[in-house]
Structure formats: structure tokens, C-alpha cells
2 protein chains.
Amino acid sequence: MPKVVDRDERKRTIAEALLRLVARQGIEKVSVRTVAAEAGISAGAVQKYFATKEDMLAVAFELTGEFLVRRWADIDAEGPFIEVLREHIVAALPLDEQRRAELVIVFAFTARAAAQPDWARRLQRDYGDAHDLTTRFLRFGQSTGEVRDDLDVERLADLVLALTDGLSARLLHTPLLRSPQHDELLASLDLALHELLAPR
Amino acid sequence: MPKVVDRDERKRTIAEALLRLVARQGIEKVSVRTVAAEAGISAGAVQKYFATKEDMLAVAFELTGEFLVRRWADIDAEGPFIEVLREHIVAALPLDEQRRAELVIVFAFTARAAAQPDWARRLQRDYGDAHDLTTRFLRFGQSTGEVRDDLDVERLADLVLALTDGLSARLLHTPLLRSPQHDELLASLDLALHELLAPR
DNA sequence: TCCTTTACGATACGTTCGTATCCTATAGCT
DNA sequence: AGCTATAGGATACGAACGTATCGTAAAGGA
């Protein structure tokens, strides 16, 4: 047998290089050649792992989901419900370079979804999953009395997701570490969570 | 003097062709040649009015703002405050092909802003204006007693903008005229506006 | 040790891109 | 009527793109 390589890890390495490139230069600078250079390999090597550029972007998109889930796993689930939920939302916001790159990918694909039905389906599925997860989480909050139970959790889940995306958009307009604006937006998030979820 | 043409109207006509193209094919299909074809003129003619492709996209972006303002002007400002505000928000949501194209442009530029400081500044200015406008509008609502006055209007304005963008993202994942999801998202919007703004 | 299989790089090909340049037709002024 | 400045089209050019193809080095099984 020939030289053996962990193909999945290799693909991940290249996709991570793509994310770094997006963070630094934006998604329009992504090409097979630029990603290869960022990864420190040849364009031919990239082609070995990704048949098309589209494949490459798709894996990078998947990666953003994995990174988010990994960040969620590090969150301490103890404590008041609303604070735990807040931490999960913050984990998705573009507050450092890594998350900015992820959000750029997500927004670029959102724009793309409007005209490409296959990507629309894919995003709808992912957001559907996120919606289900959020709904179940909110129902749990209701069960412990930490979330008001007079509102429809499905609608509340829509609002949590919308706020996350909407605040992400605003944060992407802001240079990294422009903390006054960041603090204001996070204060707005806290206000929304309190007014929408806290029992009265 | 030579043949005379209203240059601004010509630029607008071309930018509108660009928006139609974005609606149908997505922003990555935008090129000087494809826009020219959509506008029914030659690529050379497009170059007469736009020095660079970037200029062309910038004008198309400005156009999205103009279209929004024009839709706002058609809204009946009479009636309950929250319903009027709701109409202004709905006017920004991608619920038809025209608005979908506009939102694709906005999202694409949002993604671009993360790596291009000049575009970040421009979007921050535009969103700053929208934030000011919303703040003043909410303050007016407070003055008539239709908006609760125990919350910071600046933070509420953040939330209105974030909800608008976040719901727009979700709507872009949905094919046009998939009305059950649309209705649910609009119901979520109504819930948020009522819970965040209505006096209790 | 030789052979097979794969990783990876190098190179090539055709297309499309943004942009520059040139040409011609025409509308308005003197 | 003739001149001139501009609109608009045609064409050109170099760069960058996605992708295909070929060559080479090396690692493991026989």
C-alpha cells in the first residue's frame, strides 16, 4: 500500500486554511490557488481532496457548524437558564476573528441561497435543526419555571435565532475590538432575553 | 453639443438590471458583461457609466436603500404605532423578488464588510442612520403612550434592526411563496413587537 | 527487493474576468 | 451646413479562474 494519509483530517486542514483566508481577505479572494497557498501546499494537492471549488466551500460551511457545536460543548450548563442561553447565543456571535470568518461564510451562503435552491434547502435544514434545538431548550426552561409559559416556544425560538443573526450582521459591520458598540449590542440582547423570556 | 442623455437615470437603469440579475442568478453571476446583457446594451456602454465593477455594485447598494425609503413613503402613517412600525419592518423583508434581490445585495456586502474597512464604514453609517431613525420613531411612540417608557429606546432600536435582519436571513432560505413559514415568521415578529414595545 | 498504489506538485487548457482602447454614429451649437 | 463632443459598440489584452492531465517520489505489501 502507498503513503497513507487521514483524508478527513487533511480536508479539514485545508478548510481551516480557507476560513483563515476568509477572515483576512474576504470570501471573494477564495480560489483553489489562494487556499492552497494559505495551507502551504500546492493547488494540485487541494484538488486531490476537493473535486470542485464548491465542495471546498461546502466543507468550510460544515466546519462552521462544527466549531459552533464545539464551543457550545465548552459552556457551563449550570446557572440561571437565561444566562446559559445567552452564552449559547454569544458563542455564535462574531466577536473574534475565528467567529467573524465563520459568519462571513454563513452570510455569503445566505445570499447565495436566494438564487440556488440546493443551498436554500441545506440552510433551511440547518436552521430547522437549530430551531428544533432552541425550541426544546426553551421548553426545558419553561419546565423549571425560568421561562414564562404564556408564549409559544416555537415563536420564541424564531426570535432567538433572528436576534442572533441580526446582531451578527451588526457586529460584522464593526471592526473587531470596537467594544463600546459591542457592549451596547450585548446589552440589547440581554434586554430582549429578559423581556421575552423572564417570567413576570 | 453632442447627444445628451440623463446620466443618472441611465446609471439607475443599469443598476436595476443588476438587481434583476442578482434576483435571478445570484450576486456571483454579476459581471460587466452579464449586467450589460440584462440591460440590453453593450458592455462598452456600461463602462461609460461605471468606471469599475465596484462602482456598479456600490450604486446598486445605494439603490436598495432608495427602494426601501420609497416603500416607506407609501405606508399609511395613521393607525396604532406598533402596526405602523410593523409595516415599516415588513417593507424591508424579502417577501417578493424585488426585495429578495435587495437583501442579497445587503447580505453580500455585510459579508464583504468583515474584511473591507471602507465597506464596513459605509454599512456602519447606514445602519447608524437607521438606528437614529428608529430611535426617534420609538421615542415618538413613547410620547403618545403607545410604547412602554420603562426601556431604553436605543436598545429597543437595536432589537428592531436585529429582528429585521435576522428574519430577512431566514426568509432568504425559504423559496418565495412558501407562505406557512412566512406566516410563522411574521407571527414571531408580531410577538416580539408586542412583548418588547406594548405598554403593560 | 520489487511492485503497486497513492500523495503531491507542476503544468497546460480554455474560459471569463475587469479594464483599456479604438471606432463610428449622431445630436446640438455656431 | 459643418464642426465637435459625446454615446455606445466592438475589440483587445493580460490576469486569474476552475479544472484536467501528467510526472515523480515514497510508502507499504508480496
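Reckoned from all heavy atoms, side chains included, excluding hydrogens, waters and symmetry mates.
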Quick one: is [X] getting a side-chain N or O under 4.0 Å of the [N] phosphate, OP1 or OP2?
X: Arg7(B); N: dT6(D); result: no
X: Arg33(A); N: dT19(D); result: no
X: Lys48(A); N: dC8(C); result: no
X: Ser31(B); N: dT16(C); result: no

For the pair [X] and [Y], find out whether any cationic side-chain nitrogen is under 4.0 Å from an anionic carboxylate oxygen.
X: Arg155(A); Y: Asp158(A); result: yes
X: Arg170(A); Y: Glu184(A); result: no
X: Arg71(B); Y: Asp74(B); result: no
X: Lys11(B); Y: Glu62(B); result: no

To the nearest Å, how far apart are [X] [atom1] and [N] [atom2]?
X: Glu28(A); N: dG18(C); atom1: CD; atom2: P; answer: 12 Å
X: Leu18(A); N: dG18(D); atom1: CG; atom2: C1'; answer: 15 Å
X: Ile14(A); N: dC8(C); atom1: CD1; atom2: C1'; answer: 11 Å
X: Lys29(B); N: dG18(D); atom1: NZ; atom2: P; answer: 13 Å
X: Tyr49(B); N: dT19(C); atom1: OH; atom2: P; answer: 18 Å
X: Lys11(A); N: dC8(C); atom1: NZ; atom2: C1'; answer: 17 Å
X: Ile41(A); N: dT6(C); atom1: CD1; atom2: P; answer: 19 Å
X: Lys53(B); N: dC17(D); atom1: NZ; atom2: P; answer: 12 Å

Check every atom of [options] against the side chain of [X] and return the nucleotide holding the closest atom.
X: Thr34(A); options: dC17(D), dG8(D), dG18(C); answer: dC17(D)
X: Val32(A); options: dG9(D), dA7(D), dG18(D); answer: dG18(D)
X: Gln47(B); options: dG8(D), dA10(D), dG9(C); answer: dA10(D)

Hey, is CD on Glu97(B) packed in by over 12 heavy atoms from elsewhere, all under 6.0 Å? no
Classify Phe50(B) by what it touches in the nucleic acid, base, sugar-phosphate, or nothing, heavy-atom distance under 4.0 Å. nothing
